[in-house]
Asker: 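For reference, the structure I am asking about is given below.
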Amino acid sequence: MHPLESHTLEIIRRDALFPGKGSIVLGVSGGADSTGLLAVLARLREHLNVSLIAVYIDHGLRPSETVNEKSCVQSLAADLQADFTSIGVNTTEHARAMKLSLEHSARELRYQALRKVAGERHASCIATAHTADDQAEEILIRLLRGSGRQGLSGMRTKSGDIVRPFLETKKKDIIAYLADRNVRYLEDSSNADPRFLRNRVRLELIPLLERNFDAGIKQALRKTARNLAEDEKLLDELTETAYERVLIPAGAEDQTAFLKFRLDRQEFLKQPGALQRRIIEKILWRIGSIAHFSHILQIVEAARTGRTGTEYHLSRGLRVGVQKHYLEFVYPEGRRPWRGRLYRE
């Protein structure tokens, strides 16, 4: 067994990435990383007792290249005895409609497409070819965007239905493996497109940091992410315990409990500030609201000093009302904008 295959098998078993017998969906672009993942998992198929579905996604951005890419991925899948399917998406139209960057739009549509195939084929999970190099780039990107501790802890080898068997593998090792196994891969011209932030981080920022500050910057970033991930795991556990303590159970009158949350102000204020912010964030996520950091700080301050009857108007009709003993999170008119007040003056 090739060293990369044995290393990948070890990661898959260590982190229980595949839930036993079943199908695995792989996003395969034809580039080195995803081609390597398909080739490695094909070699490990009998050890893992899984079948593979290679999915090529045409984002509609490079029409002169996609025909050849699709053909190469389809041919490789046939050679490796993996199923193949392809899906076309309109990245530009989606970006315009949703007011997203092309990069964000492509990523959103890509995961939608992969999940569509996974649902139709009853696949157990979706495998992506994110590497250790991608991890370092992602941490820098999140730092530039002002992410908090959770964001800076980076990607995980397993996040819901997404698994990343190559997350601890360097790109150079994947390229060496493809050469050893005589597997052809393609170069995606969009990887050099400066419109995409990730490309600028990869091609400009990281080389600058390596050259002028620390040649081992990528390793340092990954180490930082691992340390923060350990902290996050503990904080998640503490937050869940505190969340259960401060949440007031819905009464019989609250049959629409999924649209209403109440937290005990006294119990909430006993929690450390770090947990208070995370509790509010958790409530906003669970009630279906965007957890803007400014809103989180505003609600924490309301719990501390807010007067009875005060209310805050957040996005999509969410109201946060202040009462003497509790804070109330509710959509009085459902998840839609409206101009009314939660409490009568």
Side-chain angles (χ1 to χ4, degrees), residues 1-9 11-12 17-91 106-107 109-131 134 161-167 169 171 173-191:
M1 184 181 290
H2 191 282
L4 180 56
E5 294 164 4
S6 59
H7 175 67
T8 304
L9 181 59
I11 297 297
I12 290 171
L17 299 188
F18 299 160
K21 183 178 180 180
S23 298
I24 307 297
V25 165
L26 293 85
V28 185
S29 67
D33 300 342
S34 59
T35 296
L37 183 60
L38 176 58
V40 166
L41 293 183
R43 291 271 182 170
L44 298 177
R45 185 165 34 208
E46 293 183 3
H47 296 276
L48 300 169
N49 196 25
V50 297
S51 59
L52 305 175
I53 306 167
V55 181
Y56 176 79
I57 300 170
D58 177 2
H59 294 89
L61 299 174
R62 297 175 292 108
S64 63
E65 299 176 42
T66 52
V67 173
N68 182 49
E69 286 178 349
K70 177 180 174 181
S71 176
C72 288
V73 174
Q74 186 171 15
S75 177
L76 176 64
D79 290 344
L80 297 175
Q81 299 181 333
D83 288 346
F84 171 81
T85 189
S86 65
I87 294 180
V89 296
N90 193 326
T91 303
R107 180 172 60 252
L109 291 176
R110 182 163 57 251
Y111 280 110
Q112 286 179 11
L114 291 172
R115 288 191 168 105
K116 180 175 184 292
V117 174
E120 292 172 349
R121 303 291 291 273
H122 306 289
S124 57
C125 62
I126 297 165
T128 65
H130 291 102
T131 67
D134 294 324
D161 58 345
I162 306 296
V163 299
R164 303 179 178 94
F166 275 177
L167 196 58
T169 301
K171 187 180 185 75
D173 295 330
I174 298 171
I175 292 175
Y177 171 81
L178 293 171
D180 291 343
R181 291 297 191 196
N182 195 29
V183 177
R184 175 174 171 253
Y185 65 92
L186 303 173
E187 292 289 350
D188 182 344
S189 67
S190 67
N191 288 334

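The shown structure was predicted, so the numbers you read here are calculated from the model rather than taken from an experiment.
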Asker: Using side chain to side chain donor-acceptor pair (under 3.5 Å) as the criterion, list what pairs up with N191, not counting sequence neighbours.
Answerer: none

Asker: Just by modelled atom types, is the H59 backbone N or O under 3.5 Å from a matching donor or acceptor in the T91 side chain?
Answerer: yes

Asker: Quick one: does F18's side chain get under 4.5 Å of L44's, heavy atoms only?
Answerer: no

Asker: Got a sec, which residues hit salt bridge (charged side-chain N to carboxylate O under 4.0 Å, His left out) with K171, two or more places apart in sequence or on another chain?
Answerer: D33

Asker: Would you call R164 and T169 a side-chain contact if the rule is heavy atoms closer than 4.5 Å?
Answerer: no

Asker: Name all pairs fulfilling the side-chain hydrogen bond (donor to acceptor under 3.5 Å, both in side chains) condition that reach into residues 73-84, sequence neighbours left out, sorted by first residue then second.
Answerer: D83-R121

Asker: For T131, which residues count as a side chain to side chain donor-acceptor pair (under 3.5 Å) partner, sequence neighbours excluded?
Answerer: D134

Asker: Can you sort out the partners of R181 under salt bridge (charged side-chain N to carboxylate O under 4.0 Å, His left out), two or more places apart, ordered by chain and number?
Answerer: E5

Asker: For S71 and V67, indicate whether the former's side chain and the latter's backbone hold a donor-acceptor pair under 3.5 Å.
Answerer: no

Asker: In Å and rounded to the nearest 0.5 Å, what is the CG to CD1 distance from L38 to I24?
Answerer: 12.5 Å

Asker: Could you list the residues that satisfy salt bridge (charged side-chain N to carboxylate O under 4.0 Å, His left out) with D180, not counting sequence neighbours?
Answerer: none

Asker: Apply ring-ring contact (aromatic ring centres under 6.0 Å, His included) to Y177 and list each qualifying residue two or more places apart in sequence or on a separate chain.
Answerer: H2

Asker: To the nearest 0.5 Å, what is the distance between CD1 on I126 and CG on L114?
Answerer: 5.0 Å

Asker: By side-chain contact (heavy atoms from CB on, under 4.5 Å), which residues pair with E120, not counting sequence neighbours?
Answerer: K116

Asker: Could you name each residue pair satisfying side-chain hydrogen bond (donor to acceptor under 3.5 Å, both in side chains) that touches residues 42-51, not counting sequence neighbours?
Answerer: S23-S51

Asker: Can you name the salt bridge (charged side-chain N to carboxylate O under 4.0 Å, His left out) partners of E65, sequence neighbours left out?
Answerer: R62

Asker: H7: what forms a side chain to side chain donor-acceptor pair (under 3.5 Å) with it, not counting sequence neighbours?
Answerer: none

Asker: Residues two or more places apart in sequence or in another chain: which of them pass side chain to side chain donor-acceptor pair (under 3.5 Å) with S29?
Answerer: S34

